[in-house]
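Working notes, beginning with the structure itself.
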Protein chains: 4
Amino acid sequence: MIEFRVEVGTGVPPYRQLVDQVERALRLGHLHVGDRLPTVKEVARRLVINPNTVLKAYRELEHKGLAKGRPGLGTFIERGLDGLPAEQQAELRADLEKWLATAYRAGMDSDGIAALVATVLHEFRPEEN
Amino acid sequence: MIEFRVEVGTGVPPYRQLVDQVERALRLGHLHVGDRLPTVKEVARRLVINPNTVLKAYRELEHKGLAKGRPGLGTFIERGLDGLPAEQQAELRADLEKWLATAYRAGMDSDGIAALVATVLHEFRPEEN
Amino acid sequence: MIEFRVEVGTGVPPYRQLVDQVERALRLGHLHVGDRLPTVKEVARRLVINPNTVLKAYRELEHKGLAKGRPGLGTFIERGLDGLPAEQQAELRADLEKWLATAYRAGMDSDGIAALVATVLHEFRPEEN
Amino acid sequence: MIEFRVEVGTGVPPYRQLVDQVERALRLGHLHVGDRLPTVKEVARRLVINPNTVLKAYRELEHKGLAKGRPGLGTFIERGLDGLPAEQQAELRADLEKWLATAYRAGMDSDGIAALVATVLHEFRPEEN
DNA sequence: GTGGTCTAGACCACT
DNA sequence: GTGGTCTAGACCACT
């Protein structure tokens with residue numbers, strides 16, 4: 001079962017963070033078609049946010065065709081998001097973790113790392129738009 | 001001179017994106033004390049956003065002590081954000097770029113990469129909260 | 001400017017009625033790309049419903065790609081729904097109005113007419129599914 | 001025996017759709033006093049909905065005095081809803097079907113037709129409110 | 001119990 | 001002023 005978390009102070013609205021986390025989990029193969037998301041009320045209780053906020057996230061997922069709420073039953077994953085095969089992904093991930101460890105060892109803090117990552121990611125992206 | 005950009009649809013308010021970009025540039029050593037930021041009008045015109053939005057970002061930077069507006073002259077960087085020495089950073093950056101290139105070559109798209117990066121970054125962070 | 005109305009007691013949720021009315025107006029050529037919908041607050045005030053309910057309808061239209069909210073400006077039609085040319089539609093409409101008048105003259109009330117219409121419409125539809 | 005159907009995605013709750021269908025059938029003379037409705041179980045099985053939903057519809061019909069459940073026997077129509085004599089209704093219906101056929105032939109799809117019909121019906125109604 | 005709709009009202013971002 | 005997010009809480013439909 002996916003474990004949601006919400007970070008305040010990022011400027012990203014909480015409902016949006018939940019949507020992003022489900023999308024990420026689908027891409028990484030941590031969630032699959034048919035999986036059940038935690039109930040609206042449970043997420044609201046655990047993250048100490050309003051049930052309507054969770055509902056909004058789930059409705060957004062529904063609009064994207066990724067999940068579907070079934071009253072009385074729960075909310076279920078309807079469609080996956082293709083990514084690489086698990087093995088290839090695991091390899092890339094291991095390499096990235098090595099890089100991260102090196103960066104921390106070199107004395108960077110996570111804000112600095114985030115800044116570096118964001119910059120590099122952005123510089124590679126524009127060509128895709 | 002820093003080149004701002006605004007991505008709509010991310011949920012992050014534009015003024016906040018501008019602030020974040022200045023902070024990142026400071027951390028990476030792309031902006032230094034005394035540097036002048038582009039004028040409010042110029043940013044507004046180039047990004048096609050309201051001048052008040054830019055003004056809000058610059059005011060936020062003032063509140064953080066990072067920049068200072070001098071009427072008639074422009075807005076200037078007041079304080080830097082320490083990061084690693086340029087050389088060490090360049091090395092880490094080169095490694096990260098290599099990783100990125102590998103990921104793209106393996107067939108990942110930028111959303112997939114963003115998902116992987118976000119996940120790995122988050123897993124290393126919790127200890128800081 | 002479209003004139004919304006909400007009928008209670010039909011079982012159709014109000015936000016849904018608003019969405020349906022916009023779609024109908026688009027099909028009939030009463031609304032066009034670029035047209036501005038009445039503001040959330042105005043609709044809420046006139047229909048004596050909550051602004052959030054109107055907002056929900058507008059968001060639904062946005063998800064369907066039919067409208068787009070622009071903070072500070074209003075909500076605008078983004079895409080039309082093709083229908084017949086106005087003239088052909090006007091002709092069909094005139095014929096339908098004649099039929100309706102005949103039905104009323106024969107002594108049917110609007111519930112009876114609605115029942116007849118719903119039944120006939122349903123019997124012609126199934127083949128399309 | 002009446003043939004129920006439930007359309008999802010219309011916003012109208014299923015139990016309400018069942019009630020409406022019985023009322024329509026009564027108005028059109030397709031159901032008469034003493035007729036037996038299909039059993040709750042049968043309807044639930046055929047429409048793949050929960051028996052409680054069907055039960056709720058039947059109870060609603062009882063409240064309206066239109067039907068009456070007789071334990072062990074079934075649910076029976078108690079009262080009709082007056083409409084026009086069958087012949088007059090058949091004539092009106094034939095005319096409406098001709099109109100419908102013309103509309104389809106002209107190239108309208110059922111959503112377009114539904115939009116036109118709803119609009120015309122509403123414009124004739126206001127005087128009743 | 002589970003998702004869905006709605007209200008009332010606060011507060012924010014953008015024009 | 002205009003749309004957008006969130007909270008708190010009531011009530012409904014479905015399982």
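The sequence lines fix the lettering, A, B, ..., with proteins before strands; numbering per chain opens at 1.
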### Message
I need the CZ-C1' distance between A:R45 and E:dT2, as an integer number of Å.
### Response
14 Å
#### Entry: Rounded interatomic separation in angstrom, taking CG from C:L55 and P from E:dT7
13 Å
Enumerate all atom pairs, one protein N or O and one N or O from nucleotides 13-15 of chain E, separated by less than 3.5 Å.
unit_1: E:dA13; atom_1: OP1; unit_2: B:Y15; atom_2: OH; d: 3.1
unit_1: E:dA13; atom_1: OP2; unit_2: B:K56; atom_2: NZ; d: 2.8
unit_1: E:dC14; atom_1: OP1; unit_2: B:P14; atom_2: N; d: 3.0
unit_1: E:dT15; atom_1: OP2; unit_2: B:N50; atom_2: N; d: 3.1
unit_1: E:dT15; atom_1: OP2; unit_2: B:T53; atom_2: OG1; d: 3.4

### Message
Within a 6.0 Å radius of atom CZ on A:R46, are there more than 12 heavy atoms belonging to other residues, nucleotides or ligands?
### Response
no
### Summary
To the nearest angstrom, the CZ-C1' distance between A:R59 and E:dG3 comes to 9 Å
Per-pair distances, 0.1 Å, donor-acceptor, side chain in residues 34-41 of chain A, under 3.5 Å, sequence neighbours excluded:
unit_1: A:D35; atom_1: OD2; unit_2: A:H32; atom_2: N; d: 2.8
unit_1: A:R36; atom_1: NE; unit_2: A:L73; atom_2: O; d: 3.1
unit_1: A:T39; atom_1: OG1; unit_2: A:E42; atom_2: N; d: 3.0

### Message
Rounding to an integer number of Å, can you tell me how far C:E42 CD sits from F:dT2 P?
### Response
8 Å
#### Entry: 5′-ward residue of the pair C:L37/A:K41 relative to DNA chain F
C:L37
### Message
Dot-bracket for DNA chain E, please. Rules: Watson-Crick or G-U, both distances under 3.5 Å, ( ) within the strand, [ ] when a pair crosses earlier ones, | for another strand, . otherwise.
### Response
||||||||||||||.
### Message
Expressed as a whole number of angstroms, how long is the span from C:M1:CE to F:dT2:P?
### Response
10 Å
### Message
With a 4.0 Å cut-off on N to O distance, would you call A:R16 and A:E60 a salt bridge?
### Response
no
### Task
Report the residues that fulfil side chain to side chain donor-acceptor pair (under 3.5 Å) with A:K68, sequence neighbours left out, ordered by chain and then residue number.
none
### Query
Got a sec, which residues hit side chain to side chain donor-acceptor pair (under 3.5 Å) with A:H30, two or more places apart in sequence or on another chain?
none
### Query
For A:Q17, which residues count as a side chain to side chain donor-acceptor pair (under 3.5 Å) partner, sequence neighbours excluded?
A:T10
### Query
Hey, does the Lys NZ or Arg CZ of C:R70 hover above the aromatic six-ring of C:F76, less than 6.0 Å from the centre and inside 45° of the axis?
yes
### Task
Using distance alone, with no hydrogens and no angle criterion, decide if D:H122 and C:Q21 have a side-chain donor and acceptor under 3.5 Å apart.
no
### Task
Determine the contact category for C:E62: base if any of its heavy atoms lies under 4.0 Å from a base atom, sugar-phosphate if only primed atoms, P, OP1 or OP2 are that close, otherwise nothing.
sugar-phosphate
### Task
Find the distance C:E60:CD to E:dT5:C1' and express it as a whole number of Å.
12 Å
### Summary
Tested for side-chain contact (heavy atoms from CB on, under 4.5 Å) against D:R27, the lone hit among C:I113, C:D109, C:T119 is C:D109
